[in-house]
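Being a predicted model, the structure only gives us computed values, none of them experimental. Start at 1 with the first residue, then count along the sequence. Remember, it's 1-based here, ligands and their atoms both numbered in the order they're listed.
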Amino acid sequence: MSSGIDEAFASDALTESVRRLCADFPAEYWRTADEQHRFPVEFRQAVADAGYLGVAMPEAYGGSGLGIREAALILKAIAGSGAGASGTSAVHMNIFGLHPVVAAGTEDQKARFLPPIISGEHHACFAVTEPNSGLDTGKLETVARRDGDRYLITGRKIWISTAQIASHMLIVARTGGEGLKGLSLFYAPLDRSKVEIREIDKMGRAAVDSNMLFIENLEVPVENRIGAEGDGFRILLHGLNPERILVAAGCIGLGLAALEKATVYAREREVFGRPIGANQGVAHPLAEAWAKLEAADALMMRAAALYDSGQPCGPQANAAKYMAAEASFAACEAAVLTLGGMGYAREYDVERLFRESMIGRIAPVSRQMILNFIAEKVLDLPRSY
Ligand SMILES: Cc1cc2nc3c(=O)[nH]c(=O)nc-3n(C[C@H](O)[C@H](O)[C@H](O)COP(=O)(O)OP(=O)(O)OC[C@H]3O[C@@H](n4cnc5c(N)ncnc54)[C@H](O)[C@@H]3O)c2cc1C
């Protein structure tokens with residue numbers, strides 16, 4: 001990695017050790033996983049073996065008890081290694097996905113669910129989005145019907161990432177009543193005899209699957225309901241800000257990875273008798289991309305510091321996710337254009353990162369909904385939807 005880009009990463013021991021781990025998973029590994037739609041199992045195991053999955057989990061259950069800042073550094077370094085969104089998405093759910101259990105689970109639930117997630121023995125997917133409701137979560141249709149000491153869940157979910165390899169599913173379903181107050185949260189074993197899982201063929205991040213789920217009477221014991229009936233959305237809210245911070249961290253790493261590949265190429269490729277990077281038309285878009293990534297990184301770290309010190313961070317976390325996703329996309333676009341024709345060739349990896357850079361602009365929340373949030377909550381403008 002070049003020295004200028006190096007500085008955009010906090011130069012601490014954690015980042016360095018994650019980079020060392022990622023060095024065993026070079027660009028060819030991620031290129032092949034993407035081409036073959038193959039989940040990066042070895043990588044996920046290596047991250048688990050190094051103890052990083054539990055970075056932000058409580059020490060009492062085998063985690064390290066550190067903050068969102070440390071989790072963000074790990075995800076930024078993973079994406080920045082060239083693993084991109086395939087790398088971060090392979091471990092994101094283990095690192096952070098069970099935050100609702102930490103925040104609202106009983107001692108018994110924490111003791112049962114957290115240790116196998118931290119060790120990597122279990123893998124959970126997160127099932128919120130549905131085909132008919134989109135971002136309007138209050139319109140979710142999947143139903144959880146109480147039947148003695150269990151619930152039976154029936155409905156459809158869409159875009160559920162990692163369901164192909166998941167052992168469990170954190171799922172939001174309606175237990176009664178309309179709107180957000182009718183929703184409850186469950187941690188369900190992913191019983192494939194009750195859930196049909198169909199992979200969606202998508203633009204990028206093919207190593208990590210996203211799926212349509214058809215759920216028919218999936219059994220969940222009552223003791224696997226997280227929080228009270230009707231509290232599901234309120235519990236999820238706890239995790240939204242840290243999730244945005246971690247997605248921002250991944251976007252920044254991904255953008256830096258693309259920038260690194262572009263600057264190496266721009267120094268080496270000679271046309272008209274000199275390196276193409278000597279042309280300001282090539283150098284300036286890369287310099288601008290670095291500036292935007294650095295600004296997004298500062299905002300992301302500020303949001304993480306606010307969250308870790310127990311202060312409100314909604315505006316900063318949302319703005320960080322927005323800025324990071326846009327900066328990442330801009331960096332990837334500049335990288336593809338810097339490589340010219342080779343930018344379009346799979347062999348040079350920037351096209352893979354470019355495809356992956358779209359995800360942060362769409363999920364887990366779209367650009368428009370972030371701007372809606374800032375307009376309403378920060379600028380006190382009328383709610384527009
Ligand atoms: C690769 C990938 C992985 C994903 N993984 C998961 C997962 O693991 N689990 C999960 O539950 N979901 C997952 N998702 C789903 C993701 O969270 C949603 O796609 C995202 O929240 C957008 O919802 P939607 O697609 O239903 O868009 P829609 O709600 O249909 O919206 C479509 C467009 O209209 C815009 N729009 C809608 N309403 C308004 C408004 N009032 N004002 C302005 N603009 C508006 C939106 O911003 C968006 O651009 C994933 C998506 C992708 C692409």
Among all protein heavy atoms, pick out the one at the shortest distance from [atom]; state its residue, atom name and that distance to 0.1 Å.
| atom | result |
| --- | --- |
| atom 8 (O) of ligand 1 | Ser161 N, 3.0 Å |
| atom 30 (O) of ligand 1 | Gly134 CA, 4.4 Å |
| atom 1 (C) of ligand 1 | Ile359 CG2, 3.9 Å |
| atom 4 (C) of ligand 1 | Trp159 O, 3.3 Å |
| atom 38 (N) of ligand 1 | Met369 SD, 4.3 Å |
| atom 47 (O) of ligand 1 | Ser366 OG, 2.4 Å |
| atom 31 (O) of ligand 1 | Leu135 CD1, 4.0 Å |
| atom 10 (C) of ligand 1 | Thr129 OG1, 3.3 Å |

Is the shortest side-chain heavy-atom distance between [X] and [Y] below 4.5 Å?
| X | Y | value |
| --- | --- | --- |
| Glu196 | Leu213 | no |
| Ile171 | Leu185 | no |
| Leu180 | Leu140 | no |

Quick check on contacts: which atoms of ligand 1 are under 4.0 angstrom from a heavy atom of [X]?
| X | answer |
| --- | --- |
| Ile362 | 20 (C) |
| Pro364 | 17 (O), 21 (O) |
| Tyr385 | 41 (N) |
| Val128 | 11 (O) |

Open item on the list: Can you confirm whether the side chains of Asn211 and Glu199 place a donor and an acceptor under 3.5 Å from each other?
Closed with: no

Distance flag for [atom], protein heavy atom under 4.0 Å:
| atom | value |
| --- | --- |
| atom 25 (O) of ligand 1 | no |
| atom 33 (C) of ligand 1 | no |
| atom 36 (N) of ligand 1 | no |
| atom 14 (N) of ligand 1 | yes |

TODO: Between Phe126 and ligand 1, find which residue part has any heavy-atom pair under 4.0 Å and reply side chain, backbone, both or neither.
DONE: backbone

Open item on the list: Residue-level breakdown please: for Asn372 versus ligand 1, do any non-hydrogen atoms fall below 4.0 Å on the side chain, on the backbone, on both, or on neither?
Closed with: side chain

Open item on the list: Ring centres under 6.0 Å, that's the criterion: do Tyr29 and Phe43 meet it?
Closed with: no

Task: Phe329 ring center near Phe354 ring center (under 6.0 Å) - done: yes

So does [X] pair up with [Y], basic N to acidic O under 4.0 Å?
| X | Y | answer |
| --- | --- | --- |
| Asp34 | Arg352 | no |
| Glu130 | Arg156 | no |
| Arg69 | Asp12 | yes |
| Glu326 | Arg367 | yes |

Open item on the list: So which atom in Leu236 and which in Phe126 form the shortest heavy-atom distance, rounded to 0.1 Å?
Closed with: CD2-CZ, 3.4 Å

Open item on the list: Would Arg225 and Phe186 count as a cation-pi pair here, with the cationic atom under 6.0 angstrom from the ring centre and within 45° of the axis?
Closed with: no

Open item on the list: I want to confirm something. Looking only at heavy atoms, which of Glu356, Gln368, Met93 is nearest to atom 44 (N) of ligand 1?
Closed with: Gln368

